[in-house]
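On a predicted model such as this, the values are computed, not experimentally measured, just so you know. For reference, positions follow the sequence shown, starting with 1.
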Amino acid sequence: MERTLLLLLPLLLCLITALCCRHTQAHLSVSPSSSQFFSWTSVSLSCEEDDSAAGWTLKRNTTKDNRTECVHWGKPDESSCNISYVVPWDSGVYWCESREGSTSSIINITVSGGSVILQSPVLPVMEGHDVTLHCQTKSPPSKLPADFYKDGSLIRTEPTGHMTIHHVTKSDEGLYKCHISSHGESPPSWISVTGKPTATAPPTNRAPPHALVSRLVLHLVVFCLYFICTVLMVSLYRHRLTETYLSDSMEIPLNIQLRMD
C-alpha cells in the first residue's frame, strides 16, 4: 500500500501543477490605433487578457532602455500604461508579460519628430480584409496628395492622402511609407498579413458560456486533486504510524522474555 501511495503522489502533484500553471493569453492594443505618432502625442497601451490574475505588465525595448516596465516611462493603471507625451526615443517594440513569464506578440511603435506620418495598422491585417493607409501632416490641411511606397517602390499617388488596399493577401506584406510634397516623407512601417482563422471566433462583447464552464470545471478538478493528495498523505502517515506502533509492541514482550531468562 505504501509503495502505491508513493507512486501516486508525484503523478497527482505534477497534474495539479500543469493545471494551475497553464499559460494564459493576452494581446496588446494601442490607442489611438496606429503604428506611427507625432511627437508630444498622448498614447495609451493596454494588455487585453483572458485572466487578470496572471498579472500582465507592459514592457518595451528602445534605443534608450531594454525590457523596462511601464513605471519607468509611463503611468501604469492595472494592465494598462499611459504615456502623456511620446518623443522619438519612445520608438521601439512593446509587449505584455505575465508574472510567470508568458508574453504577448510584440508591436512596433515609431514616434516621428518630422511633419509627416503614415497611419497604418499596428496589428497584423487578416487576409481578405481591406486596409486603409493615411498619409498625415502635423499641421492642417492633412488631406493632401500623397505618394505611397512599398519596399521602396512607388505604388501610386492618391489625391486625398489615403490609400485602400482591397482584399489583402500575403503578397501585400511589406514596408510602407508615404511622401507629401513640400512637407516631407514619413518613417517606414511594416505591415503584416495573417491567415484567416479556421473557426468562427466567439463574440467579443462577452465571455462565451463554454469558457465559463471550462474554468469552473478546472477549479473543481484542481480542488479534487488537492483533496485526494491530502487523503493519500494522511493515509500514508497513519500507515507508517501503525507500523511503528506494532514494531514497538513486539519489542516489549521480547525484552520481558530476555529479562526472565
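- Taking CG from L28 and SG from C47, the interatomic distance works out to 5.5 Å, rounded to the nearest 0.5 Å.
- Here SG of C135 is found 9.5 Å from CD of Q119. Values are rounded to the nearest 0.5 Å.
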Step by step, work out the side chain to side chain contact (heavy atoms under 4.5 Å, CB included) result for H179 and S181.
CA-CA 7 Å; H179 177 269; S181 298; 4.3 Å; yes
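- Under 3.5 Å, the side chains of E48 and S29 contain a donor-acceptor pair of N or O atoms.
- Ring geometry for W73 against Y94 counts as perpendicular: the plane angle is over 60°, on a 0 to 90° scale with 30° as the lower cut.
- The shortest non-hydrogen separation linking S189 to Q36 is OG-NE2, 2.7 Å.
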Does D77 form a side-chain hydrogen bond (donor to acceptor under 3.5 Å, both in side chains) with S80? I'd like the steps, not just the answer.
CA-CA 5 Å; D77 181 14; S80 300; 5.7 Å; no
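- By the 6.0 Å contact criterion, NZ on K143 is open, its count of non-hydrogen atoms from other residues, nucleotides or ligands being 12 or less.
- Atom NE2 of residue H27 and atom OG of residue S46 lie 8.5 Å apart, to the nearest 0.5 angstrom.
- The only option from L45, I107, N61 that meets the side chain to side chain contact (heavy atoms under 4.5 Å, CB included) definition with W95 turns out to be N61.
- In the model, S120 has a side-chain atom that pairs as donor or acceptor with a side-chain atom of S35 under 3.5 Å.
- Remark: the backbone N or O of H167 is paired with a side-chain donor or acceptor of D130 at under 3.5 angstrom.
- When every heavy atom of R156 is checked against every heavy atom of T164, the shortest pair comes out as NH2-O, 3.1 Å.
- The hydrophobic clustering, which links ILVMFWY residues whose side-chain heavy atoms are closer than 4.5 Å, places Y149 and I180 apart.
- With hydrogens and angles left out, the side-chain atoms of T137 and S139 include no donor and acceptor closer than 3.5 Å.
- Using modelled atom types and a 3.5 Å distance limit, the side chains of N82 and S44 yield a donor-acceptor pair.
- Grouping the Ile, Leu, Val, Met, Phe, Trp and Tyr side chains by contacts below 4.5 angstrom, directly or via other members, places V87 with Y85.
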Worked check of side chain to side chain contact (heavy atoms under 4.5 Å, CB included) between Y176 and L118
CA-CA 8 Å; Y176 289 78; L118 176 66; 3.8 Å; yes
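- Contact annotation: the side chain of L58 never approaches that of P76 to less than 4.5 Å [non-hydrogen atoms, C-beta and beyond].
- A salt bridge links D90 to R60: at least one charged side-chain nitrogen sits closer than 4.0 Å to a carboxylate oxygen.
- Nearest heavy-atom pair, H183 versus S115, reported as atom, atom and distance to 0.1 Å: O-OG, 2.7 Å.
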Start with the C-alpha gap between W56 and S98, add the side-chain angles, then the distance that decides, and say whether side chain to side chain contact (heavy atoms under 4.5 Å, CB included) holds.
CA-CA 4 Å; W56 294 92; S98 71; 3.9 Å; yes
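- Looking at V116 and C178, their side chains come closer than 4.5 Å, going by heavy atoms from C-beta outward.
- Taking the side chain as every heavy atom from C-beta outward, K75 and S84 never approach each other to under 4.5 Å.
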Test side chain to side chain contact (heavy atoms under 4.5 Å, CB included) on S153 and D151; report intermediate values, then the result.
CA-CA 6 Å; S153 300; D151 298 329; 5.7 Å; no
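- Closest of all the heavy-atom pairs between C81 and G74 is SG-CA, 3.9 Å.
- Between the side chain of S31 and the main chain of S33, no donor-acceptor pair closer than 3.5 Å is present.
- The backbone N or O of S112 sits less than 3.5 Å from a side-chain atom of S39, completing a donor-acceptor pair.
- For the side chain to side chain contact (heavy atoms under 4.5 Å, CB included) criterion with F37, the lone passing option out of V30, I83, I117 is V30.
- In the hydrophobic clustering of ILVMFWY residues, with side-chain heavy atoms under 4.5 Å counting as a link, L123 and V193 come out apart.
- Side-chain N or O atoms of T194 include none that pairs as donor or acceptor with a backbone N or O of V125 at under 3.5 Å.
- S104 places a side-chain N or O within donor-acceptor distance of the main-chain N or O of C96, the cut-off being under 3.5 Å.
- Scanning both residues, K177 and P187, for their nearest heavy atoms gives CB-O, 4.1 Å.
- Taking 4.5 Å as the limit, some side-chain heavy atom of F148 sits within range of a side-chain heavy atom of E158.
- Paired with V111 under the rule side chain to side chain contact (heavy atoms under 4.5 Å, CB included), one option of V86, V43, T41 passes, and it is V86.
- Connection of I155 to L175 is not established within any shared hydrophobic cluster, with ILVMFWY side chains joined at heavy-atom distances below 4.5 Å, either directly or through further cluster members.
- In summary, the side chains of S192 and W190 do present a donor paired with an acceptor at a separation below 3.5 Å, with no hydrogens or angles considered.
- Rounding to the nearest 0.5 Å places CE of M163 at 11.0 Å from NE2 of H134.
- The closest side-chain donor-acceptor pair between T103 and E97, if any, does not fall under 3.5 angstrom.
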